[in-house]
Q: 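Before anything else, here's the structure in question.
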Number of protein chains: 2
Amino acid sequence: MEITHTKESCAASRRAIQDTLEVINGKWKLLILVTLLEKPLRFKELVREIGVTPRMLSKELQDMEMNKLISRTVYQTKPIAVEYAITEHGKTLNRVLEEIKNWGMSHRNKIMREE
Amino acid sequence: MEITHTKESCAASRRAIQDTLEVINGKWKLLILVTLLEKPLRFKELVREIGVTPRMLSKELQDMEMNKLISRTVYQTKPIAVEYAITEHGKTLNRVLEEIKNWGMSHRNKIMREE
DNA sequence: CGGTATCCGAGATGATACTG
DNA sequence: CAGTATCATCTCGGATACCG
């Protein structure tokens with residue numbers, strides 16, 4: 001494909017970016033994703049690990065489950081156990097996550113060097 | 001460097017991601033960036049191009065200028081002209097932008113295929 | 001043209017308490 | 001344990017009008 005910078009291609013970029021933002025918006029979704037990328041966790045473990053309130057975690061997990069980014073599995077033990085895991089579709093966000101992570105690290109280094 | 005998934009590395013990832021999110025948060029910043037990546041634009045041009053209100057554009061531009069992602073240049077013509085451009089530092093977000101864009105395009109294709 | 005001031009409603013987020 | 005309900009607060013973001 002030819003590399004162009006027409007008004008149309010720029011508008012298409014914006015649409016694509018907006019689409020992605022709709023899926024990963026919110027303060028916690030990417031943090032949840034990167035945490036679950038390491039290994040599946042239970043509700044309370046996520047609360048402790050990320051430092052999010054149960055209310056927000058519940059909401060964001062529901063959003064992400066609707067978008068098929070994560071799966072929710074209930075184990076009928078007692079007490080009940082619920083495990084959240086990243087899905088194959090969720091894993092496709094890995095490259096995005098990696099770049100955001102890399103940028104954050106470089107940026108932090110940059111700020112530290114400048115101070 | 002060895003690839004590990006310790007609790008510490010995961011926490012570091014989260015910190016990096018949060019750092020990045022603080023810089024690119026908001027509904028419009030990434031859209032502004034990807035638009036300015038093509039070429040510098042003036043205030044009103046950005047309003048028209050992106051479809052953002054002047055109020056929000058003004059706010060986001062100020063944030064981004066503080067974070068050195070964009071530059072603001074005033075031309076003393078009459079009437080006055082102000083041009084916004086992406087900085088070298090802003091360009092370092094290009095890889096993030098690209099991945100977000102790619103994912104958005106794939107995701108849109110995926111949804112269209114499934115319907 | 002390039003913004004800013006003001007107002008307002010909607011949604012995000014947190015704290016706390018509570019349920020099955 | 002795995003959430004939900006409720007309340008309070010704060011911010012986001014749009015509409016509109018206005019200024020230099």
Side-chain angles (χ1 to χ4, degrees), chain A residues 14-15 17-36 39-67 69-87, chain B residues 14-15 17-36 39-67 69-87:
Chain A
R14 282 195 299 271
R15 248 178 282 122
I17 287 174
Q18 268 183 315
D19 287 349
T20 305
L21 290 182
E22 268 179 42
V23 175
I24 65 174
N25 71 353
K27 202 171 170 180
W28 305 104
K29 291 201 180 66
L30 291 185
L31 300 179
I32 294 169
L33 270 184
V34 79
T35 304
L36 290 182
K39 66 171 189 290
L41 287 176
R42 292 165 60 181
F43 189 86
K44 203 118 192 183
E45 292 176 320
L46 280 168
V47 168
R48 276 193 293 266
E49 185 79 3
I50 301 182
V52 57
T53 60
R55 200 180 80 93
M56 289 313 297
L57 180 60
S58 176
K59 272 196 185 184
E60 304 261 280
L61 286 173
Q62 282 174 26
D63 281 358
M64 293 165 76
E65 199 190 346
M66 277 202 305
N67 285 325
L69 299 182
I70 59 165
S71 63
R72 178 179 184 273
T73 311
V74 181
Y75 295 99
Q76 295 299 344
T77 53
K78 55 175 173 137
I80 200 173
V82 179
E83 187 173 87
Y84 292 92
I86 194 164
T87 62
Chain B
R14 281 195 298 271
R15 247 179 281 122
I17 287 174
Q18 268 183 314
D19 286 349
T20 305
L21 289 183
E22 268 179 41
V23 175
I24 65 174
N25 71 353
K27 200 172 169 179
W28 305 103
K29 291 201 179 66
L30 292 184
L31 300 179
I32 294 168
L33 271 184
V34 79
T35 304
L36 291 182
K39 66 170 189 290
L41 287 175
R42 292 166 61 180
F43 189 87
K44 205 117 192 183
E45 292 176 320
L46 279 169
V47 168
R48 275 192 294 265
E49 184 81 2
I50 302 183
V52 58
T53 60
R55 198 181 81 97
M56 289 312 297
L57 180 59
S58 176
K59 274 196 185 182
E60 305 268 70
L61 286 173
Q62 281 176 26
D63 281 358
M64 292 165 76
E65 198 189 348
M66 277 203 305
N67 286 325
L69 299 182
I70 59 165
S71 64
R72 178 178 185 273
T73 310
V74 181
Y75 295 99
Q76 295 298 344
T77 53
K78 54 171 173 142
I80 200 174
V82 180
E83 187 173 89
Y84 292 93
I86 194 164
T87 62

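A, B, ... follow the sequence lines: proteins, then strands. Residue 1 opens every chain.
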Q: Check residues 70-79 of chain B and write down every donor-acceptor pair under 3.5 Å in which the side-chain atom is one partner and the other belongs to a residue at least two apart or another chain.
A:
| residue | atom | partner | partner atom | Å |
| --- | --- | --- | --- | --- |
| B/S71 | OG | B/A85 | O | 3.4 |
| B/R72 | NE | B/Y84 | OH | 3.2 |
| B/T77 | OG1 | B/P79 | O | 2.8 |

Q: My understanding is that only residues two or more places apart in sequence, or in another chain, count here; which of them pass side chain to side chain donor-acceptor pair (under 3.5 Å) with B/T20?
A: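 Side chain to side chain donor-acceptor pair (under 3.5 Å) list for B/T20, sorted by chain: empty.
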Q: Going 5' to 3' along DNA chain C, which nucleotides are the first and last within contact of chain A (any atom under 4.0 Å from a heavy atom)?
A: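 The protein-touched segment is C/dT13 to C/dA15.
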Q: Which pair of heavy atoms, one from A/I86 and one from A/L36, lies closest together, and at what distance?
A: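 Reported closest heavy-atom pair: CG2-O, 4.0 Å.
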Q: End-to-end bend of the helix from C/dC1-D/dG20 to C/dG20-D/dC1 (five-pair axes, 10° rounding)?
A: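 The end-segment axes of the helix from C/dC1-D/dG20 to C/dG20-D/dC1 are tilted 40° relative to each other.
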Q: Go through B/L41 and B/T35 one step at a time and tell me if the side chain to side chain contact (heavy atoms under 4.5 Å, CB included) criterion holds.
A: CA-CA 8 Å; B/L41 287 175; B/T35 304; 3.6 Å; yes
Q: Scan nucleotides 1-10 of chain D nucleotide by nucleotide, 5' to 3', and note B when protein non-hydrogen atoms come under 4.0 Å of the base, S if they reach only the sugar-phosphate, - if neither.
A: SSBB-B----
Q: Sequence neighbours left out, what passes side chain to side chain contact (heavy atoms under 4.5 Å, CB included) with A/E22? Give chain and number order.
A: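 Not a single residue meets the side chain to side chain contact (heavy atoms under 4.5 Å, CB included) criterion with A/E22.
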Q: Closer than 3.5 angstrom, by distance alone: can the side chain of B/E45 be matched with the main-chain N or O of B/R42 as a donor-acceptor pair?
A: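 Yes; at least one donor-acceptor contact below 3.5 Å.
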Q: Can you give the donor-acceptor pairs under 3.5 Å from side chains of residues 23-34 of chain B to other protein atoms, not counting sequence neighbours?
A:
| residue | atom | partner | partner atom | Å |
| --- | --- | --- | --- | --- |
| B/N25 | OD1 | B/K29 | NZ | 3.3 |
| B/K29 | NZ | B/N25 | O | 2.9 |
| B/K29 | NZ | B/E60 | OE1 | 2.9 |
| B/K29 | NZ | B/D63 | OD2 | 3.3 |

Q: Kindly compute the distance separating CD (B/Q18) from CG (B/L21), expressed to the nearest 0.5 Å.
A: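 With rounding to 0.5 Å, CD (B/Q18) is 7.5 Å from CG (B/L21).
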Q: Counting only heavy atoms and a strict 4.0 angstrom limit, can you tell me which residues of residues 22-29 of chain A come near DNA chain D?
A: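 The answer is none.
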Q: Measure the spacing between CG of B/L57 and CD of B/E49 and express it to the nearest 0.5 Å.
A: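 The CG atom of B/L57 sits 12.0 Å away from the CD atom of B/E49.
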Q: Could you give the distance from CD1 (B/I50) to CE (B/M56), rounded to the nearest 0.5 Å?
A: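 The CE atom of B/M56 is 12.0 Å from CD1 of B/I50, to the nearest 0.5 Å.
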